[in-house]
Amino acid sequence: MTTLTAPRPTVAARRERAARAGGPRKKLNLVPHLFLGVLILYFLVPLWWLIVASTKDVQGLFGGDSALWFGKTFAFGENLVSLVTYNDGIYLQWFGNSLFYAVAGGLGSTALAVLAGYGFAKFRFAGRNFSMALLLGSVMVPLTALVIPTFVMMSSMSLTNTVWAVILPSLLNPFGVYLMSVYASEGIADDMLDAARVDGAGEFRIFATVALPLMRPAFVTVLLLSIVSCWNNYFLPLAMLSSPKLFPITVGIGLWQGQASANNGGGESLWSLIIIGSLMSIVPLVIAFLSLQRYWQGGLSLGSLK
Amino acid sequence: MTHMTLERPAVVASTRGARTPRRRSLRSEQIGWLFVAPFALIFLIFLVAPLCYAFYLSLFSKGLATGTVFSGLDNYVKAFTDPAFLNGVGFVAGFSLVLIPLQMLLSLAVALVLDALTTRFARFARLMVFLPYAIPAVIGSLMWGFLYSPTFGPLSQITEALGTAQFLPLSPDNIFGALVNIVTWQWAGYYMIIIYAALQGVDPALYEAARLDGANAWQIAWRIKVPLVSSALVVILVFALIGTLQFFTEPQILRPIANGSIQPDFTPNMYAYTQAFSYANFNYASALSFALGIVVFIAVAIFLFASNRKRKGFSQ
């Protein structure tokens with residue numbers, strides 16, 4: 001609660017503070033900068049390896065070239081071509097599936113969360129307190145513990161191995177509802193809603209025209225977080241789906257990795273597909289995070305509300 | 001849960017009778033429920049129903065000769081005496097005890113440093129530390145698996161150049177540390193951003209006052225900044241605890257390349273998955289899932305209770 005209500009220090013105040021701190025302590029700042037430099041290296045090493053390895057052909061990969069530097073050949077293009085043509089372009093299919101699951105699950109769960117959060121924050125109804133307590137309790141339920149029972153449940157309705165088996169359970173996002181309700185009760189003044197009511201606006205029009213625009217920062221944050229968790233999900237689609245045509249990238253690459261390590265000799269060409277496929281699979285989210293910085297950096301402070 | 005849905009219409013009906021003149025509040029009742037209803041439906045179908053169904057399934061046992069028979073709590077007795085399940089629970093508990101303090105210290109340290117610096121380099125570092133959060137756990141585990149591997153990774157080249165014995169992170173002795181490293185790499189940035197955001201919300205006048213009182217940078221960090229973001233730290237701890245106890249993706253991905261260091265019963269979730277999908281033993285798998293859910297729920301509830309009491313103690 002504190003982060004939202006406490007007045008944020010103005011940019012000017014921060015600059016001033018920084019300038020004051022920067023003057024006489026400039027030398028001391030070397031140590032923290034070194035610390036950060038080492039951290040950047042640590043966090044980027046795996047990515048660097050992936051980029052370097054994606055430019056190598058099979059000989060370069062297995063031939064004992066330096067693991068952290070480019071080899072003699074530059075086979076990035078050929079690797080990319082074999083990635084998208086392998087097995088009739090199954091990788092592109094997986095990519096599309098991941099995109100579909102992430103957008104459908106993310107948009108759906110965020111829409112449900114914004115509605116429910118607004119309802120919990122702005123209306124008093126019977127069972128509200130009980131439902132809120134239930135909601136908070138459910139944040140503590142490990143969602144993977146639900147995967148196997150959900151699988152059995154859906155398989156009795158013959159819904160497993162369909163897109164619904166992945167999308168419908170992804171709509172459940174209790175933490176998103178909680179964030180939205182905190183944000184709505186702090187960020188939307190009751191007076192404003194009452195004024196709109198006096199003007200004769202219907203409740204859903206008030207929600208759409210008054211409340212929703214005010215909740216935009218929370219909406220974008222919850223949307224981004226749920227898209228990430230859908231895109232990255234592994235256990236749920238792994239359990240639910242059996243035909244490779246429906247796999248998202250995570251399950252597909254896991255499948256390739258299992259095949260490649262099971263058959264160590266013939267799997268060599270598969271390893272380079274796994275490497276470049278992994279690299280391509282992280283591009284969309286990395287771009288999304290770099291370009292939407294403004295939104296998530298502000299919005300993630302919601303996570304510290306208590 | 002059923003209690004809630006059953007009683008709702010009755011309550012609405014009685015309010016209608018009692019408060020006919022106050023139409024506004026009656027409408028507010030129904031409209032509030034309308035907003036919540038779509039989520040409530042998903043909540044009932046995909047959280048409450050699977051939990052109830054898992055509990056129901058867990059009360060039955062499937063035998064080759066007997067078919068499926070009601071067996072009461074036998075599956076739970078079996079689970080809590082099953083060395084495979086208990087070892088898995090022991091592993092994730094030990095793993096949390098090592099991982100979470102390490103991860104929190106790292107993310108807190110980075111957040112404090114980033115909060116104190118306003119240079120471009122610091123902003124760049126913030127982004128880079130956060131980046132692994134955008135990378136799926138499957139891909140993160142694969143990348144580290146490659147780096148760990150003697151065939152693909154730089155480790156064998158480094159040990160060769162140094163002339164030391166080969167270092168194999170995926171061997172049974174080292175797998176614990178190898179996994180701690182992957183999870184720290186994956187999540188420290190996300191936790192750092194949450195702490196950083198909380199730090200940014202603090203009024204700098206507080207630091208100024210402390211500095212005038214003669215506090216140095218360390219004292220300001222430990223005595224003022226850390227206590228002020230303690231609620232963010234609690235949130236992170238809860239997330240980390242829930243996440244670690246249901247550990248699945250990373251060991252599952254490393255399993256094929258770890259040459260036997262990771263068995264199918266390595267974590268409780270992997271064990272339940274194996275029981276369900278390798279042995280089609282859904283009754284026992286449901287009992288394991290339900291038991292894991294209870295263990296996590298109780299662990300988190302105890303932690304929250306304790307931290308609440310402690311913080312109340314502070315403020316009194």
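Lettering of chains follows the sequences in order, A, B, ..., and the numbering in each one begins at 1.
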Cut-off 4.5 Å, heavy atoms of chain A, and the answer for B:Leu47 is both
The interface call for B:Val129 against chain A, heavy-atom contacts under 4.5 Å, is both
Side chain, backbone, both or neither: which part of B:Leu106 has a heavy atom under 4.5 Å from chain A? side chain
B:Leu41 side, atom CG; A:Leu171 side, atom CG - distance, nearest 0.5 Å: 10.5 Å
Evaluate the criterion side-chain contact (heavy atoms from CB on, under 4.5 Å) for residue pair A:Val147 and B:Phe248; output intermediate values, then yes/no. CA-CA 12 Å; A:Val147 167; B:Phe248 177 79; over 6 Å; no
For each of A:Pro284, A:Ser138, A:Gly254, tally heavy-atom pairs with chain B at distances under 4.5 Å, and name the one with the top tally. A:Ser138
Quick one: what part of B:Ala49 sits under 4.5 Å from any heavy atom of chain A, side chain, backbone, both or neither? both
Do the side chains of A:Val177 and B:Phe43 get nearer than 4.5 Å, heavy atoms only? no
For the rings on B:Phe35 and A:Phe204, is their centre-to-centre separation under 6.0 Å? yes
Heavy-atom closest pair, residues A:Pro149 and B:Tyr53: O-CD2, 4.0 Å
Tell me, for B:Asn259 versus chain A, whether the close heavy atoms (under 4.5 Å) come from the side chain, the backbone, both or neither. neither
Give the member of A:Phe35, A:Tyr118, A:Tyr42 that has the highest number of heavy-atom pairs under 4.5 Å with chain B. A:Tyr42
Check A:His33 against B:Thr119 and note the closest heavy-atom contact, atom names and distance. NE2-OG1, 2.9 Å
Highest number of heavy-atom pairs under 4.5 Å with chain A among B:Phe282, B:Phe124, B:Phe146 belongs to B:Phe146
Would you say that A:Leu146 contacts B:Ser289 through its side chain, given a criterion of any heavy-atom pair below 4.5 Å between the two side chains? no
Please lay out, stage by stage, how B:Phe39 and A:Phe120 fare under the test ring-ring contact (aromatic ring centres under 6.0 Å, His included). CA-CA 11 Å; B:Phe39 173 76; A:Phe120 276 128; 7.5 Å; no
Engaged part of B:Val229 at the chain A interface, taking heavy atoms whose separation is under 4.5 Å: neither
Residue selection (most heavy-atom pairs with chain A, distance under 4.5 Å) from B:Thr151, B:Leu57, B:Val110: B:Val110
Using side-chain contact (heavy atoms from CB on, under 4.5 Å), reason through B:Phe46 and A:Leu168 one step at a time and then give a plain yes or no. CA-CA 8 Å; B:Phe46 291 105; A:Leu168 290 178; 3.4 Å; yes
One should read off an interatomic distance between A:Phe207 CZ and B:Leu34 CG, to the nearest 0.5 angstrom, of 12.5 Å
Let me know if B:Ala205 has heavy atoms under 4.5 Å from chain A in its side chain, its backbone, both or neither. neither
Going from OH on B:Tyr133 to CG on A:Asn232, what distance comes out if it is rounded to the nearest 0.5 angstrom? 7.5 Å
Heavy-atom pair with the smallest gap, counting every atom of B:Gly293 and A:Pro142: CA-CG, 3.7 Å
Applying the side-chain contact (heavy atoms from CB on, under 4.5 Å) criterion to B:Ile135, which one of A:Leu50, A:Leu285, A:Leu47 satisfies it? A:Leu47
Rounded to the nearest 0.5 Å, how far apart are CD1 of B:Ile139 and CD1 of A:Ile282? 7.5 Å
Would you compute the distance between atom CZ of A:Phe235 and atom OH of B:Tyr273 and round it to the nearest 0.5 angstrom? 7.5 Å
Bottom line for B:Val138: the part with an atom under 4.5 Å from chain A's heavy atoms is side chain
Nearest heavy atoms of A:Ile148 and B:Ala285, plus distance in Å: CG2-CB, 4.1 Å
Checking B:Leu131 against chain A: side chain, backbone, both or neither under 4.5 Å from a heavy atom? side chain
Quick check on B:Tyr56 against chain A: is it the side chain, the backbone, both or neither that has a heavy atom closer than 4.5 Å? neither
Can you tell which part of B:Ala272 gets under 4.5 Å to a heavy atom of chain A, answering side chain, backbone, both or neither? both
Using every non-hydrogen atom in the two residues, find where A:Gln257 and B:Ile253 come nearest and quote the distance to one decimal. NE2-O, 2.8 Å
Tell me the closest heavy-atom pair linking A:Ser131 and B:Trp33, and the distance in Å. OG-CH2, 4.0 Å
Which atoms of B:Leu114 come close to chain A, meaning under 4.5 Å heavy atom to heavy atom: side chain ones, backbone ones, both, or neither? side chain
Under 4.5 Å heavy-atom distance to chain A, tell me which part of B:Phe297 shows up: side chain, backbone, both or neither. both
Separation between CH2 of B:Trp185 and CG of A:Leu44, rounded to the nearest 0.5 Å: 9.0 Å
Report which part of B:Pro38 has an atom under 4.5 Å of a heavy atom belonging to chain A: side chain, backbone, both, or neither. both
For the residue pair A:Tyr234 and B:Pro136, establish whether any side-chain heavy-atom pair is separated by less than 4.5 Å. no
